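First up is the structure itself, then whatever we jot down about it.
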Amino acid sequence: MSGLFDRWRTAAEPAADYHPPMPIGLQVWLDDQARVLRLAGPLRSVLALPAPGAGRLHDYLQRRSWLVIEGAPADWQGQPLDLDFHGVLGQPLHTRGWLLRQSEGWMLQLFDIGDLLHEHASTQQQQVEQQLAADISRALRDCSEAHLQQTVSEQLQRLAEHWQAASLQLLLCDDQRWRSYARSDATWPWPDPSRLQPWLAQLPVQGLLDGPASAELQALCADPGLCLLPYRQGPQVQAWLLCAGVAMPLHGEPAQALMQALLQPLLGHLHHARSVHQARHLQQLQQQLGAGWWEWSLHGPLQLDPGLAASLELPAQVSLEQWLARLHPADREPVQLALEQAWAGRELSVSLRLPGTDAPRWLHWAGQLQGRQLRGFILDVSALKAQELQTSAARARLENLIASSPAVIYVQRCSDGALHSEFFSASLQPMLGWAADSEQARQPGLAVHPDDHALWLQRTRDLLREGQARCRVRLRDSRGGYHWILDEARLLRDDLGQPLEVVGLWLDVSEATEAAERVRQSEERYRVLVEDSPAMICRYRPDLSLMFGNRPLADYLQCTPEQLAGMDLGQWLSPAQRAAFVERLRQLTPEQPLSSSEICLQLPGREHAWWIWADRGLFDEHGQLLEIQAVGRDNTEVRRSQQQLLQGAKMATLGELATGLLHEINQPLNVIRMATVNTIKRVENGLAEADYLLEKLRRIEAQTDRVARLVDHMRVFGRRSEVEREWFPAWAAVTAAVALLEEGLRGKGVSVQVSVPDEQPQVLGHQDQLEQVLINLLVNARDALLGLGRRDAAISLHQSLEPGSVVLWVQDNGGGIDPQLHERIFEPFFTTKPAGVGTGLGLSVSHGIVSAMGGSLQVSNQGDGACFCIRLPCHSIS
Ligand code: ADP
């Protein structure tokens, strides 16, 4: 540039004494104070003239040119002057010239050097930009991956300075989306990436969007001087550069060159980083899979992928011998043969084992001839092999199971809604005698019992509709007999949901079905039995509400069997009976679930009913009583006859007693009569003294008392016992019986020895009945003693206590009872007494009474006589 000027100056510079006005450029005549005297030349028209009154050369010039014209014009001579004038349109007018001495003053001869300057400036600009591009490119090439982003930011900063932009932002395409990669500075208020992102999303990867940014983006960045530069390689846009605060749009080659300087190394870096990452990833993957490449050139060694070689514990290069030695002996020959065929051009695909400490390692060795080399890969398939082994073991187990299963397992194929048998397990033959390829096996429906045809068709329909079915049908075996078969089948569908095949099994349930039928029939029989039973049968809950009752029970309770459910069984019991009933149930346990007793009910329309009632408790697994099953029998008639029998026995005893009683009553009557006769005589003779009379009257009173007492006791025999039992001291019955008979016995020479006990426990029952028992025993003892006629005839009575019981003893010395008769004497009507004397009822009735009180009556021979023992459960000691 300067050379050009020099040349131009050399050619154009005139001699100092020659100064004709030149028709080109601009001529300015000045005085010695640099005041402008005159202007000439074509450039004159483009000058902006100063304000009137301002006539110095300075006023025409831009300020930076003032330095050139310091001092007076005389000082400016002999040197080129570069002066920038104010242009008429505001633009500077660049001129160069020199000062010529005139006769008066000076003349400046100037030429327009605007074009030259512009050329010079753009050349400089190019140089600067080339330098900048080289710097940027170098900076990016030299930087490490770790500093890449930082370096890009720095280079963006340089670019921003160069372009005099406020801020630059580089957008790169990542996974089909534009993202901000770096910014020139962190301070410029770029919008938030999340706000920028929707706009970035519509930025094309392929496209021509170029130049000024859209109004939308400008609004987003609040910057009118926003421009968007693409960087393309081929048709694809690789990057966008967002430039904010630029004075003029940036485009054209220089901008592209700088972008290229930035982006080419950057994209190269990123591409390399991606490749390295992918290679590392691949390597890791290969390591995980135990896979890797191999190569083998003819006559050369086997080359292995280093990672693979390490995992196989081999060097990266191995000879054929080394390779074979590493393999399991059993695989060496197959490998050699496969290798030979591979060299001949066949594909290599071999599974081989490497011996390991516990299990061999399985490899898949694959490859093919490429040119003069075998190439391929090795893959660790141990896991697959292990699975394969497991699967085949499981399959073998399953097949074994199917073969040995008593059930028939079958597979039917579906085609066009019909099922065709494809497989039957081996148990088909033993179960139905069918061969797997027989006609029945192909179409089992043909062997279905005619009565079950509908069921079988329904099963097929259900199967196709619901996907599974279960039915029980009869199938004819090869000998013509029928088997009850439980068929369970499932439908398998293909990926499209179309029915594919049916897998099912048959179980021979003939025995179970027949057993169930037997149970049903037996249940029916039992139901009839329960319904028709004369006994009352019912089930009720622990709160006494009935769950079921049969007809006899309903008849007694005067309702229908249906009405029984829910009724309260306790409503017919007296409070005391009900309490005793509930208490008895409370004592039922899973170990002792049975209990029975006689219960007394007040039934509608009847006086009293006595039922013999047997209960069985049913318990849950926690021992909780759930329900009670009971069987009852009406005992009212039996009890009534017992009562009558008792009454009859009483009467018989009364008869027996009558003779003795007559004597008993006669004696006091005789005494009374004698006393009365004597008294009358005395009174008639006038000898009646008060003392005498008093004494006689007292005797009469005493004898009357005795008779009255006898009669009192005799009333017992005419009375029927109360319906319900009550508590009374057992000894009271002894006292009463002895009082009745003692006198009579003594009169017959039998002494009665009574040991009155200190404690007199109470027993539950009817006192008159226990008295009856004791009277019977005393009468029998008397009879035995009178038969012997011994002088020391005696009956002794005493009481003893046992835990929970009171025992009354009646012993005589009347010779005892033949031990062989000990059982029989309690039988009704057994007697050894002469006809008309004995009834044979005394002991049997007594036995019944004591049993009804929950006690026992026993006999044994003690000393010279019989000893009867009444053992009764006692309530308390009183
Ligand atoms: P009965 O007194 O009318 O014969 P029981 O049933 O009272 O009927 O007695 C049955 C039999 O038992 C008597 O006939 C008698 O042979 C025998 N027996 C009962 N008590 C005694 C006794 N204390 N000593 C001997 N024999 C007795």
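All residue numbers in this chain count up from 1 along the given sequence. Source: prediction; values computed, not measured. Counting starts at 1 for both ligands and their atoms, in listed order.
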Taking both backbone and side-chain atoms of Thr831, is any N or O found less than 3.5 Å from an N or O belonging to ligand 1? yes
Using a 3.5 Å cut-off on N or O atoms only, is Leu843 in polar contact with ligand 1? yes
Regarding Ser522 and Arg518, do their side chains bring together a donor and an acceptor under 3.5 Å, going by distance alone? no
Checking the side chain of Arg725 only, and the main-chain atoms of Ala852 only, is there a donor and an acceptor separated by less than 3.5 Å? yes
Flag, side chain of Gln799 to backbone of Glu759, donor-acceptor distance under 3.5 Å: yes
Give the contacting part of Asp812 toward ligand 1: side chain, backbone, both or neither, where contact means a heavy-atom distance below 4.0 Å. side chain
Below 4.0 Å, non-hydrogen atoms only: which portion of Thr832 touches ligand 1? Side chain, backbone, both or neither. both
Sub-4.5 Å side-chain heavy-atom contact between Ile849 and Gln772: yes
Can you find a non-hydrogen atom of [X] under 4.0 Å from ligand 1?
{"X": "Asn776", "result": "no"}
{"X": "Gly816", "result": "yes"}
{"X": "Ala781", "result": "yes"}

Hits for side-chain contact (heavy atoms from CB on, under 4.5 Å) against Gln858, two or more places apart or cross-chain, chain-then-number order -> Ser856, Cys869, Arg871
Close-contact set for ligand 1 against Ala784 heavy atoms, below 4.0 Å: 24 (N), 25 (C)
Heavy atoms of Asp812 and Ala781 approach each other most closely as OD2-CB, 3.4 Å
Shortest heavy-atom approach to atom 11 (C) of ligand 1 - which of Phe830, Phe868, Phe826: Phe830
Anything under 3.5 Å between a donor and an acceptor, one on a side chain of residues 563-575, the other on a protein residue two or more places apart or in another chain? List them.
| residue | atom | partner | partner atom | Å |
| --- | --- | --- | --- | --- |
| Gln563 | OE1 | Thr560 | N | 3.0 |
| Gln563 | OE1 | Thr560 | OG1 | 3.3 |
| Asp568 | OD1 | Gly570 | N | 2.9 |
| Asp568 | OD2 | Arg578 | NH1 | 3.2 |
| Gln571 | NE2 | Asp568 | O | 3.0 |
| Ser574 | OG | Gln577 | N | 3.2 |
| Ser574 | OG | Glu724 | OE2 | 3.3 |

